[in-house]
Asker: 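Have a look at this one before I ask anything.
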Amino acid sequence: MEERLDRRFFARPALEVAPDLLGRRLVHESPEGTVAGIVVETEAYCGVRDAASHAFGGRRTARNEVLWGPPGHAYVYPIYGMYLCFNVVASEPGSPEGVFIRAVEPREGIELMARRRGLSDVRKLANGPSKLCIAFGITRELNGADVTKGPLYFTAGEDAGEVAVSRRIGVDYAGADAERPWRFLVRGSRFVSRPP
DNA sequence: TGTCCGATTGGT
DNA sequence: CCAATCGGACAG
């Protein structure tokens, strides 16, 4: 059983944690079964100074509260009335940074993922932020969960190889910050949400 | 309480 | 390109 990533791993700027999460193994052990996969796409959200961040300008609400807390906790929130997004809190308490998990390459529990998604094409099971929440059985109940202790966690995984960088997706409203190269991908992976 | 809109997805 | 679908943020 591989050791999970600890608190110190996440207690760094999101811009360091985001690329470092590539190649890591994301695991979720649920009553339905265990699923796991390799993280192939992430984005950094850099707190109060980042116009694309939920905490931009110091915003602190019921929704983004866990972002303001200690690193290594899951920030799960609903979007578009029908989907969820999953982040891991980075940095330190009072510094609301997060790493958005955008795509995972399925490795274990593929049948369960396929059942949850209603698809069999492995490439399409978790190649998007909300798709992976469905495939991994990540629910709103996991908002605030400690990924250094609970059923949802990361392990060292494998070497990510070359990392590609691009602007973040779906944040055009953020003006100049939408242009920043804060999206990270495993170069050449066929399991990303879209090419760099 | 009312309005506006989204860190998406899947189909046209 | 566009609709689905509704919780959350914020104005009034």
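Residue numbers start from 1 in every chain, and the chains themselves are labelled A, B, ... in the order their sequence lines are given, proteins ahead of strands.
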Asker: Counting the atoms with a prime plus P, OP1 and OP2 as sugar-phosphate, which does Arg183(A) contact under 4.0 Å by heavy atoms, base, sugar-phosphate, or nothing?
Answerer: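 Answer is nothing: Arg183(A) stays at 4.0 Å or more from every strand.
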
Asker: Between Arg116(A) and Glu32(A) (salt bridge meaning N to carboxylate O under 4.0 Å), is one present in this structure?
Answerer: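 Yes, this pair counts.
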
Asker: Can you measure Leu84(A) atom CG to dT9(B) atom P for me and round it to whole angstrom units?
Answerer: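 It is 11 Å, rounded to the nearest whole Å.
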
Asker: Give the nucleotide from the list dG8(C), dA7(B), dG10(B) with an atom nearest to the side chain of Arg140(A).
Answerer: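 My answer, after comparing the listed nucleotides, is dG8(C).
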
Asker: Kindly confirm or rule out a cation-pi arrangement of Arg24(A) over Phe154(A), judged by NZ or CZ under 6.0 Å from the six-membered ring centre and within 45° of its axis?
Answerer: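 No cation-pi geometry.
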
Asker: Taking atom CZ of Arg190(A) as the centre, report whether more than 12 heavy atoms of other residues, nucleotides or ligands fall under 6.0 Å from it.
Answerer: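 No, CZ of Arg190(A) has 12 or fewer neighbouring heavy atoms, counting only those of other groups under 6.0 Å.
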
Asker: For dG10(B), does OP1 or OP2 lie under 4.0 Å from any side-chain N or O of Lys131(A)?
Answerer: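 Indeed, a polar side-chain atom of Lys131(A) lies that close.
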
Asker: Let me know the distance between CG of Leu125(A) and C1' of dT9(B), rounded to the nearest Å.
Answerer: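 Checked: the CG to C1' distance equals 15 Å.
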
Asker: Can you tell me if Ser189(A) and Glu105(A) form a side-chain donor-acceptor pair at under 3.5 Å?
Answerer: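 Side chains of Ser189(A) and Glu105(A): no pair found under 3.5 Å.
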
Asker: Could you spell out the base pairing of DNA chain C as a dot-bracket line? Use Watson-Crick and G-U wobble contacts where both distances are under 3.5 Å, [ ] for crossing pairs, | for partners on a different strand.
Answerer: ||||.||||||.

Asker: Apply salt bridge (Lys or Arg N to Asp or Glu O under 4.0 Å) to the pair Arg49(A) and Asp177(A), showing each step before the final yes or no.
Answerer: CA-CA 9 Å; Arg49(A) 71 189 177 96; Asp177(A) 283 339; over 6 Å; no

Asker: Determine yes or no for a side-chain-to-main-chain donor-acceptor pair under 3.5 angstrom, with Asn143(A) supplying the side chain and Arg140(A) the backbone.
Answerer: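 Judged by distance alone, no pair lies under 3.5 Å.
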
Asker: Please determine if Arg12(A) and Asp20(A) form a salt bridge, counting it only when a charged side-chain N lies under 4.0 Å from a carboxylate O.
Answerer: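 Looking at Arg12(A) and Asp20(A), the cut-off is met.
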
Asker: So, Thr155(A) versus Arg25(A): side-chain donor-acceptor pair below 3.5 Å or not?
Answerer: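 No, Arg25(A) and Thr155(A) have no side-chain donor paired with an acceptor closer than 3.5 Å.
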
Asker: Take atom CD1 of Ile79(A) and atom P of dA4(C), then tell me their distance rounded to the nearest Å.
Answerer: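 Computing the Ile79(A):CD1 to dA4(C):P distance gives 18 Å.
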
Asker: Distance check needed: dG10(B) P versus Leu119(A) CG, whole Å only.
Answerer: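 These atoms are roughly 7 Å apart.
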
Asker: OP1 or OP2 of dA3(C) sitting under 4.0 Å from any side-chain N/O of Tyr80(A)?
Answerer: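 No, Tyr80(A) has no side-chain N/O under 4.0 Å of OP1/OP2 on dA3(C).
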
Asker: If stacking means aromatic ring centre less than 5.5 angstrom from the base's six-membered ring centre, planes under 30°, is Tyr45(A) stacked on dA7(B)?
Answerer: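 Yes, Tyr45(A) stacks on the base of dA7(B), since the ring centres sit under 5.5 Å apart and the planes are within 30°.
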
Asker: May I have the distance from Asp172(A) (atom CG) to dG6(B) (atom P), rounded to whole angstrom?
Answerer: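 Answer to the nearest Å: 10 Å.
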
Asker: Does any residue of residues 56-68 of chain A have a heavy atom under 4.0 Å from DNA chain C, and if so, which ones, in number order?
Answerer: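 Here the set is Arg59(A), Thr61(A), Arg63(A).
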
Asker: What nucleotide among dT9(B), dG10(B), dT5(C) has an atom nearest to a side-chain atom of Met82(A)?
Answerer: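 So the side chain of Met82(A) is nearest to dT5(C).
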
Asker: To the nearest Å, give me how far apart CZ (Phe100(A)) and P (dG6(B)) are.
Answerer: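 Answer to the nearest Å: 14 Å.
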
Asker: Should Tyr45(A) and Leu15(A) be regarded as members of a common hydrophobic cluster, given that ILVMFWY residues are connected when their side-chain heavy atoms come within less than 4.5 Å of each other, either directly or indirectly?
Answerer: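 In one cluster with Tyr45(A): Leu15(A), no.
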
Asker: Cation-pi between Arg59(A) and Phe56(A): NZ/CZ under 6.0 Å from ring centre and within 45° of the ring axis?
Answerer: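 Judged by the rule (NZ or CZ under 6.0 Å from the ring centre, within 45° of its axis), Arg59(A) is not positioned above Phe56(A).
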
Asker: For Val171(A) and for Arg117(A), find the nucleotide of DNA chain B with the closest heavy atom, then tell me which residue's nucleotide is more 5'.
Answerer: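 Here Val171(A) is the residue nearer the 5' end.
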
Asker: Given the C1' atoms of dC5(B) and dC2(C), what is the spacing between them in whole Å?
Answerer: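 Nearest-Å result for dC5(B) against dC2(C) at atom C1': 16 Å.
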
Asker: Measure CG/Asn143(A) against C1'/dG8(C) and give the value in whole Å, please.
Answerer: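 Taking CG of Asn143(A) and C1' of dG8(C), I get 13 Å after rounding.
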
